Amino acid sequence: MKEEKKISNAVTKMIFFYHGSTHDIEHFLKVWAYARTIGEQENLNEELQETLELASIIHDIACPLCRSKYGSTEGKYQEKEGMPLAREFYQEFDLPEEMLNRICYLVGHHHTYTGVDGLDYQILLEADFLVNASESHYSRPQIESFQKKVFKTGSGLKLLNSIYQLQG
Ligand SMILES: [Fe+2]
């Protein structure tokens, strides 16, 4: 697969994967846009930036399966079902094994806020929260609690503070 089209190929494949579920499609596009932006602002190296973007595109890949299998997209179900789906999704992309493993790990942990062991993981959590806080109408205290407990990157914090008009 042509290196320079990897990201747009992943985006296109993910849109097809969701079979017209515009909520899921628009959710991942927003999370990817924030993840890409924060990653670049935080000066991630090329490989880590690519890992982050590819993980953010498919982070909710287990949602349709979890809805039909469990009637719920709760984090624990998504994390259980997401890793094999992620591996299968990127099989044809010829990613380095280490990168593919990391992407699967991130998909399998994107609802876990402890043991965050890298900037790719941290930024995925922040990007997903930036979108979820608006989509799920989180209260101001909930958002302020995330600001203090979860957000770590300067760029993520600046975005959070501006979008939700918080004091820095
Ligand atoms: Fe998400």
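We count residues from 1, following the sequence as given. None of the values given here were measured: they were computed from a predicted structure. Both counts, for ligands and for their atoms, begin at 1 and track the order of listing.
- Under 2.8 Å from the Fe ion (ligand 1) lies no N/O/S atom of His110, from backbone or side chain alike.
- In terms of distance to the Fe ion (ligand 1), the nearest N, O or S atom of Asp128 is named OD1.
- Rounding to 10°, one obtains 80° for the angle at the Fe ion (ligand 1) between OD2 (Asp60) and NE2 (His59).
- Of all non-hydrogen atoms in Arg140 and Gln165, the two that sit nearest each other are NH2-O, 3.0 Å.
- A donor atom on one side chain and an acceptor atom on the other are found under 3.5 Å apart for His27 and Glu135.
- In this structure, Glu144 and Leu166 approach most closely via the heavy-atom pair CG-CD2, 4.0 Å.
- Taking the charged nitrogens against the carboxylate oxygens, Lys69 and Glu74 have no contact shorter than 4.0 Å, which rules out a salt bridge.
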